[in-house]
Amino acid sequence: MMSVDSPDLRTAAEKYPILISAYYQSLIDSSNPESDPITRQCMPDPRELDDTLPDDGLGEEPQTPVPRLIHRYSDRAVLLTTNRCAVHCRFCFRKRFWKSGNSEADISKPELEEACSYLKSHSEVRELLVSGGDPLMLSRARLLDIFSRLADIENLKILRLCTRVPVTDPGRVNPELAAGLAIIPGLWMVTHFNHPREVTPESVRACSEFISRGIPVLNQTVLLAGINDRADILEELFSGLVSHRIKPHYLFHIDPVRGVKHFSTGVERGIKILRELRNRISSLATPVFAIDLPEGGGKVPLLPDYRRGEGFIAIDGRVLYYPDQSQKDGTYTEK
C-alpha cells in the first residue's frame, strides 16, 4: 500500500481519515500503487486539502427538515442511517461526516421515529433512499428493523438500499441478510462499482444474493479522473455488470464538494465518453450521465447532441434526416 510519508499526505489523512477493509485492500496492485485505481480511490492525496469548495456543496443541510432526512424532490427523500462505511472513498461527497470514534454514527431510535413521522405526514413522498454512510454496516437486526418500520408507511411504495458494501466488503452480505430484506415490498438495491477491477467473484456473489431473491440491483458509477475516465474502461465495467444482471443506472460527474475537486474530469469528458460508447454497448449497459447541481439544485441528465442542422448523426458518422424532418433533394443523407 502507498505510505503516508509526506507532511501534506499526513495532513490529508488527519483531516479525512483513512479507512479500508481487508478485502478492498487485497485488490490493490502493490507493484504500481501510484496509478492503481483501487489505491487512488482509498488513499489520501494532498489535493484533498483544497478548500475552494464548500463541505456541503450539494446543499443537503438546508433540505433536512428533521435529523437524518433529506427532502429535496417532492416525491422522494433520503434517510441517512449511519455515518459508517467499510472504506472511506476519497471522492465521497459526504466527507464532512468522517469522524473517528463518533458515538452518534448510527441513527437513533428517536431520530428514526421523527423521520417516520415526517414521512407519514408527507404523503407526496412515495420513494425513499436508505443511505448513509453505508446501511449495510448496521447489524442485520437493526437494518431489518429499520426497513420493517419504513415498509409500514403506507405512502412509501419504493425503497432503495444504497450501499457500496458488495464492492468494498462483500463478506458482510450473507444469505440470511438477503432473505430478510427480500420480504420488504418495493425494495431495490443500488450499489457502486467504479472500475472493472472491483467486479470480482466475491462482489458478484454478494450482489447475486439479492438478485436471486428477486431484489433488482442497479449500479451508480462516479467518473473519476485518471481512474475510469476512458471509454474502454467503462465499456468493460458496464458490460460486465450487465452480464451479472446488475443494471448501470447513473454515471455521475464528481460533485462540487470540498476535498474531491482533483477527481473532476469536466462535464465534456463524460459526454465525449458517452458518444464513444454509443456504438459499443447496448441501452441495457448504458447509464444516465448526470451532474448534481450545487445549492440543492438537483440532478441534471446530460446527453451528447447528435443533431446536425436539420439532420442527425448516424452510428457510422453520416448525417441523416428523419422522415418527419425536412428533406433535401428527396434524400435522407446530407450532401
Q: Between R90 and E48, is there a side-chain N and carboxylate O pair less than 4.0 Å apart?
A: yes
Q: Is it the case that the side chains of N194 and Q41 hold a donor-acceptor pair, with the cut-off being a distance below 3.5 Å and no angle test?
A: yes
Q: If we count only N and O atoms by modelled type, under 3.5 Å, do the side chains of S283 and T286 hold a donor and an acceptor together?
A: no
Q: Could you verify whether a donor N or O on one side chain and an acceptor N or O on the other, from T82 and D106, lie under 3.5 Å apart?
A: yes
Q: Below 4.5 Å, heavy atoms only, C-beta onward: do V257 and L53 meet side chain to side chain?
A: no
Q: Could you tell me whether a side-chain N or O of K247 sits under 3.5 Å from a main-chain N or O of L284, the two making a donor and an acceptor?
A: yes
Q: Any side-chain to backbone donor/acceptor pair from T64 onto E60? Under 3.5 Å, distance only.
A: yes
Q: Does the side chain of I38 come within less than 4.5 Å of Q25's, by heavy atoms?
A: no
Q: Could you tell me whether the side chains of S31 and D29 share a donor-acceptor contact shorter than 3.5 Å?
A: yes
Q: Using the ring-ring contact (aromatic ring centres under 6.0 Å, His included) rule, collect all pairs that involve residues 247-268, keeping only residues at least two apart or in two chains.
A: Y250-F252
Q: Decide yes or no for V217 and I211: does some side-chain heavy atom of the first lie under 4.5 Å from some side-chain heavy atom of the second?
A: yes
Q: Got a second to check how far C207's SG is from N219's CG, nearest 0.5 Å?
A: 8.0 Å
Q: Donor-acceptor pairs are to be reported for all side-chain atoms of residues 133-145 against protein atoms at under 3.5 Å, with residues two or more places apart or in another chain.
A:
| residue | atom | partner | partner atom | Å |
| --- | --- | --- | --- | --- |
| D134 | OD1 | L136 | N | 3.0 |
| D134 | OD1 | T163 | OG1 | 2.7 |
| D134 | OD2 | T163 | OG1 | 3.1 |
| D134 | OD2 | R164 | N | 2.7 |
| D134 | OD2 | V165 | N | 3.1 |
| S139 | OG | R142 | N | 3.1 |
| R142 | NH2 | I107 | O | 2.8 |

Q: Is R318 close enough and on-axis enough to F312, meaning under 6.0 Å and within 45°, for cation-pi?
A: no
Q: Do R160 side-chain atoms and S131 backbone N/O form a donor-acceptor pair below 3.5 Å?
A: no
Q: Flag the pair D51 and R258 as a salt bridge only when some basic side-chain nitrogen lies within less than 4.0 angstrom of an acidic carboxylate oxygen.
A: no
Q: Do the charged groups of E113 and R149 touch, with an N to O distance under 4.0 Å?
A: yes
Q: May I ask you to decide whether D232 forms a salt bridge with R280, counting only side-chain N to carboxylate O separations under 4.0 Å?
A: no
Q: Taking R269 for the side chain and D229 for the main chain, is one N or O donor matched with an acceptor at less than 3.5 Å?
A: yes
Q: Using the side chain to side chain contact (heavy atoms under 4.5 Å, CB included) rule, take T168 and Y23 through it: C-alpha gap first, then chi angles, then the decisive distance, then the call.
A: CA-CA 7 Å; T168 56; Y23 165 80; 5.8 Å; no
Q: Could you grab the distance from atom NZ of K15 to atom CG of L49, nearest 0.5 Å is fine?
A: 6.5 Å
Q: Regarding E268 and K272, does a basic nitrogen lie under 4.0 Å from an acidic carboxylate oxygen?
A: no
Q: Taking C-beta and beyond as the side chain, do Q220 and V190 meet within less than 4.5 Å on heavy atoms?
A: yes
Q: With a 4.5 Å limit on heavy-atom distance, are the side chains of P248 and T221 in contact?
A: no
Q: I'd like to know whether CD of E176 has more than 12 heavy-atom contacts from other residues, nucleotides or ligands below 6.0 angstrom.
A: yes
Q: With a 4.5 Å limit on heavy-atom distance, are the side chains of R76 and L128 in contact?
A: no
Q: Please report the interatomic distance CG(L80) to CZ(R68), rounded to the nearest 0.5 Å.
A: 7.0 Å
Q: Hey, what do you get for CG (L58) to CG (D255), rounding to the nearest 0.5 Å?
A: 4.5 Å
Q: Check whether the side chains of Y322 and E310 place a donor and an acceptor atom closer than 3.5 Å, and report yes or no.
A: no
Q: Under the criterion salt bridge (Lys or Arg N to Asp or Glu O under 4.0 Å), I'd like the reasoning laid out for R230 against E236: C-alpha separation, chi angles, the key distance, then a yes or no.
A: CA-CA 10 Å; R230 294 194 342 234; E236 182 182 354; over 6 Å; no
Q: Once rounded to the nearest 0.5 Å, what's the spacing between atom CD of E124 and atom CG of L119?
A: 9.5 Å
Q: Kindly indicate, with the supporting measurements, whether the criterion side chain to side chain donor-acceptor pair (under 3.5 Å) is fulfilled by E127 and Y73.
A: CA-CA 10 Å; E127 185 170 348; Y73 303 95; over 6 Å; no
Q: Any carboxylate oxygen within less than 4.0 angstrom of a Lys/Arg side-chain nitrogen, looking at E114 and K109?
A: no
Q: From D169 CG over to S203 OG, what is the distance, rounded to the nearest 0.5 angstrom?
A: 12.0 Å
Q: Taking the side chain as everything from C-beta on, heavy atoms only, tell me whether L218 gets closer than 4.5 Å to T191.
A: no
Q: I'd like to know if R213 pairs up with E209 as an ion pair, taking the criterion as any Lys NZ or Arg NE/NH1/NH2 lying under 4.0 Å from an Asp or Glu carboxylate oxygen.
A: yes
Q: Is there a side-chain contact between F289 and L303 in this structure, where contact means two heavy atoms from C-beta onward sitting under 4.5 Å apart?
A: no
